[in-house]
Each structure stands twice: as structure tokens, then as C-alpha cells.
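Because the structure is predicted, anything quoted here is derived from the model rather than measured.
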Amino acid sequence: MSQDAGPSPQHDSLEERVEDAEPLSVESGLEALRSSSEFRGPVEPLDDVEANEHIALFYESREEQFSAVVPFVRQGLERGERVMYVLEEHEEDEVIAALSEAGIDVDTAVDSGALTFHGIDETYLRTGAFDPDEMLEFYGEALAAATAEYPALRITADTRWILDDQTTIEDFMAYESRVNDLFRGEDCIALCQYDREAFPSAVLTDIVRTHPHLIYDGTLCHNFYYTPPREYFEPDEPTRDVNRMLGTLVDRTEAKVELNETIEELAESNERLKRFAYIASHDLQEPLRMISSYLQLLENRYGDDLDDEAEEYIDFAVDGADRMREMVDGLLEYSRIDMQDADFEPVDCDAVLDDVVTDLQLRIEESDAAIVVEELPAVVGDANQLEQLFSNLVSNAIKYSGEGPPRVEVSAERQGDRAVFSVADNGIGIESEYVDQIFEVFNRLHSNDEYRGTGIGLALCRKIVRHHGGDIWVDSELGAGTTFYFTLPRATA
């Protein structure tokens, strides 16, 4: 993801920016969190939830606050939008430092007008006291001004100012409930920041009810306590609230029971499938060996009586049986991953790579390959499975090297309690449209005449990585090489 602040207004015309921009919606805000390295928690998908461009962030520390605010601001700048940040004036330096540390070019963004900072006295309290009608009018004008120059406006504001003696919670709740209507259908999205330690619980309860979407403890969820503005101030709202809560409790209980039953059924089904795959793969070995053996006996005993065409038929049959046996071997290895207990221990990855290179030495010499391995961290896992993982990736790098001598580079970076490994090559690469398919079982991009294989190797790699609680992905350009990345848990010293 680019860390640039985004194009400035003077470089792109209004028509170009508006034409290139996608509509701004709460889904865009969710995507900013999903793709961010700062935000670590889960993001609930919208599914059938009625989306609204109004998100409340509840934080208990600066880390929690900026883990959501930073990607929210950065995405707006990258999309060429205007970002309005309302903050306590004495905190501007701290906010700018957090944005800059995340790679945002704050000076460029401010100079271009794409990022603006505003104090409480020039926004919520600009007339000396908070007035909901006045503030809604202010944001309406800000939205119109922003969308005259930019594709959209996103707003984030700290709200501790409402705890002063001049502001009533009733007025602010009326304003918050009406903000939802102001932003509905507009190219605008708002992230309201609430310091949980600063607000009384009674106030926080009302704040929860007036926001359709909430972020708390590194998690974004859609708010089933949300009260639509048209209902919030009606006399019968307490009754509606009780009905909503009771209905939600029933719905969630029924859904949880149904989910647990489904999980149990899937677990039983998966266990049967695992055992079936293992047994079927194991039992297929003997008849395949028998086919190959009898074909070879036939050729040895009657070879002098067979013409060239018969010899060719036998070769085809033997080759087919051998390929089938390779596929069965692969399936057997694939099914064994699930059958083995996750009894992990510290694994020296440098030693694992030494074994892999030794086992592949003949292929390395035949292809004149260069294998470059940086110092690797120790991880927690199964040494045999990790050797399979590295062996498959290095073998593939050699196999798909193209015309020149293969060069394979293996390295790793430490990221917290994880290690991110990479296996990079200078080979033929993968077309972008196929990168999501290569980890599927039997999904091959080349014929067996071009590159011999079973289509199980990368699927096995993914299963091993997931068995270790990690992720695996690929970055490739056709004709310019491929890099496989995967994460594994680091071993503690």
C-alpha cells in the first residue's frame, strides 16, 4: 500500500478525481481496517446489515485510538479525498506524529488541502456553546465544499469536549442521532472517537445506541443495540428498546445453538473425510504397484514379440500408473497433515534448509541453480512438515526457472511473535489471474508435457502453514519471477 498522501487538487482536475474515485461508503472504511497493519482485530462483514456512514471508536489507550484512526485517515488520502480531523488543540502534535510514523506525508497533505486540522472552538463550539442545528449546518457546508473539489469527505473527531459544563448530553445525543440522516447517501463517512475512561457509563450507553457501527478492543462490529434516529426520542422508545433487546437475545441464542450444531456436524463430516482420504490413498498403493509390475513383466517376457506400437502402449500405461502413484503419494501426504497431532516444538529453520538443499543437491547441480539462504529464525512447529514445505517451494522455484539458471533466495523477517518467510525465484512467474488458484488441490497451470507434477505440492504447502496457524500468499509477475510468503510462530528464546 502506498504511503503517499495522495494527489493534490492542483494536479488533477475535479472531473478526473471524481471520475476515478469509487463511491465512499462504510464498506470502504471497513476495507481500510481489514487491509491495515495497525488494526489487528476482526472486522465483521456487512452481509445483510443496513450500512450507515457513521462509526464510533471506543478507545482506552493511544495505541487503540490510532490503530483505527491512522488507517481511516490514510485510506482517505490515498483515495484522493479530503480528510477533516477535529481534535483538542493541545494534541495536534501527537496526532501528527502518529500519522507521520505510519508513513503519511502530513506536510504535503496539509499543504494541498487534502488534510485539514480543526480545533473544537472552530467547529463544535464555534458560537461559544454547542448547538446541534448549527453543527449539522456546519458539516453540511463542509461536505458541499469538500465534494466541490474532492470526490468525498471523511471526518474524524475526538469528542471529550462534550464533558464541559456548557454542553448537555441530551443535545449531543440529538445531534449524533441526526448525523446518520445527514450522511446517508452522501460521499461522506465519519469516525467519532470516544475515550472510554473519560465518559460516565450512562453517557456511553446512549453513545452506543446512536451509532450503527462500533470499534472497540481492536474489533469492528455492527451494532444490534443501535436505535434509528426516528425512534430515539419518541415516547415509546423504552418499550421499543426492551423489545429490541429481548428479540436480539432470542435471535442470538437460536443462531448460536444452530451454529454449534452445524459445527459439530461439520467436525464429524471432516473427520470421516480425513480418514476416508487416508485409507483410500493408502489402499490404492498396492493395485497401482501391481499394475506397473505386471506391465513391466509383460514387456520383459514378450518384448521380442511386441511391435513398436505395442511397446508404446505399454510405455503409456506404465507412465500413467507411475503418475497415478505420484498423485496417490501426494494425497497420502496431504491427508496425513490432518491426521497428525499438533505436538509442536522449537525447530531450527537453518538446519531444515540445510537438509532440503542436501536432498535436492542433484537437481541443483543439474540445473546450475544458485540457492541463497539468509540466517533464519527458529520457529515452533513440526520439523518434518516444515522440511516438506521448504522442499516443495524450493523445488518449484528450480522447476519453473525458465531458460536461465535458477536463483532461489530464502529469507525471513521477524514481526512480533511471528516470522514472515519468503522464497523468491527468477523464474517464469504466474499470471495475476491465476495467483488465487494455485493453492487448490490438482489445480495445475501447465500440462504434464511442459512441467511434470501432480498439482498437490502447493496445496500441501498451504495445509502445512495453516496447520501451524500461519498464512501463505504469493507475489508474482509473469516472466519476472515469483515470491512465496508465509508466516510461522517464532520460538521464544
Side-chain angles (χ1 to χ4, degrees), residues 52-59 62 65-66 69 72-73 76 81-99 106 109-110 113-150 152-184 186 188-212 227 229-230 232-234:
N52 191 291
E53 290 71 28
H54 196 189
I55 304 172
L57 165 63
F58 294 87
Y59 65 90
R62 285 301 193 201
Q65 180 184 15
F66 292 135
V69 173
F72 180 83
V73 171
E81 301 163 0
R82 169 167 282 172
V83 180
M84 176 184 291
Y85 201 127
V86 181
L87 40 61
E88 302 283 344
E89 292 183 1
H90 65 279
E91 294 180 345
E92 183 171 343
D93 290 342
E94 188 174 3
V95 170
I96 290 175
L99 297 176
V106 176
V110 171
L115 175 61
T116 60
F117 292 104
H118 306 266
I120 303 302
D121 291 340
E122 59 180 308
T123 52
Y124 293 98
L125 302 180
R126 63 184 185 141
T127 61
F130 177 67
D131 184 325
D133 292 330
E134 178 76 19
M135 196 59 207
L136 288 169
E137 182 180 347
F138 171 81
Y139 271 141
E141 293 173 354
L143 176 59
T147 52
E149 292 187 82
Y150 295 83
L153 170 68
R154 65 177 63 204
I155 303 166
T156 184
D158 201 309
T159 57
R160 281 169 292 175
W161 60 269
I162 69 174
L163 296 173
D164 65 13
D165 295 335
Q166 301 179 21
T167 304
T168 67
I169 298 300
E170 290 75 13
D171 281 346
F172 186 72
M173 290 302 100
Y175 159 77
E176 284 288 73
S177 66
R178 291 165 60 192
V179 164
N180 297 320
D181 288 332
L182 174 66
F183 292 156
R184 183 173 286 110
E186 299 288 346
C188 184
I189 185 172
L191 177 67
C192 302
Q193 306 172 34
Y194 295 95
D195 183 348
R196 190 182 173 193
E197 301 298 325
F199 287 88
S201 297
V203 176
L204 288 173
T205 299
D206 284 335
I207 292 172
V208 167
R209 286 176 174 156
T210 55
H211 290 81
T227 302
R230 62 184 177 276
Y232 188 76
F233 293 101
E234 292 183 2

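- Summarising the geometry of I155 relative to C188, their closest heavy-atom pair is CD1-SG, 4.1 Å, with the distance given to 0.1 Å.
- For the pair T123 and M135, the minimum side-chain heavy-atom distance is below 4.5 Å.
- Between V106 and F117 the shortest side-chain heavy-atom distance falls below 4.5 Å.
- Residue pairs satisfying the salt bridge (Lys or Arg N to Asp or Glu O under 4.0 Å) criterion with at least one member in residues 113-129, sequence neighbours excluded, are listed as follows: R126-E134.
- To the nearest 0.5 Å, atom CG of residue L115 and atom CD1 of residue I96 are 8.0 Å apart.
- Aromatic ring pairs are classed by plane angle as parallel below 30°, tilted from 30° to 60° and perpendicular above 60°; the pair Y139 and Y124 is perpendicular.
- In plain terms, the two heavy atoms of F130 and L125 that are nearest each other are N-CD2, 3.6 Å.
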- Query: What's the verdict on side chain to side chain contact (heavy atoms under 4.5 Å, CB included) for Q193 and T156, showing C-alpha distance, side-chain angles and the deciding distance?
  - Reply: CA-CA 7 Å; Q193 306 172 34; T156 184; 2.7 Å; yes

- May I have the step-by-step check of side chain to side chain contact (heavy atoms under 4.5 Å, CB included) for F72 and L57, ending in yes or no? CA-CA 11 Å; F72 180 83; L57 165 63; over 6 Å; no

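- For the residue pair E81 and A152, the shortest heavy atom distance occurs at CB-O, 3.5 Å.
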- Message: I'd like to know whether T159 forms a side chain to side chain contact (heavy atoms under 4.5 Å, CB included) with I207, so could you lay out the CA-CA distance, the side-chain angles of the two residues, the decisive distance to 0.1 Å, and finally the verdict.
- Response: CA-CA 11 Å; T159 57; I207 292 172; 5.9 Å; no

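- In this structure Y194 satisfies the side-chain hydrogen bond (donor to acceptor under 3.5 Å, both in side chains) test together with E176, H211, sequence neighbours excluded.
- Here the shortest heavy-atom pairing between R82 and G113 reads NE-O, 3.1 Å.
- Here the closest heavy-atom approach between residue A198 and residue L163 is recorded as O-CD1, 3.2 Å.
- For the residue pair I120 and V86, the shortest heavy atom distance occurs at CD1-CG1, 3.8 Å.
- Looking only at side-chain heavy atoms (C-beta outward), D158 and Y85 stay at 4.5 Å or farther from each other.
- Within the model, atoms CG of D93 and CD of E91 stand 10.5 Å from one another, a figure rounded to the nearest 0.5 Å.
- At a threshold of 4.5 Å between non-hydrogen side-chain atoms, the residues Y59 and V69 do not count as touching.
- Atom CZ of R160 sits about 9.5 Å away from atom CG of L87, to the nearest 0.5 Å.
- Distance CD1/I55 to CD1/I189: 4.5 Å, rounded to 0.5 Å.
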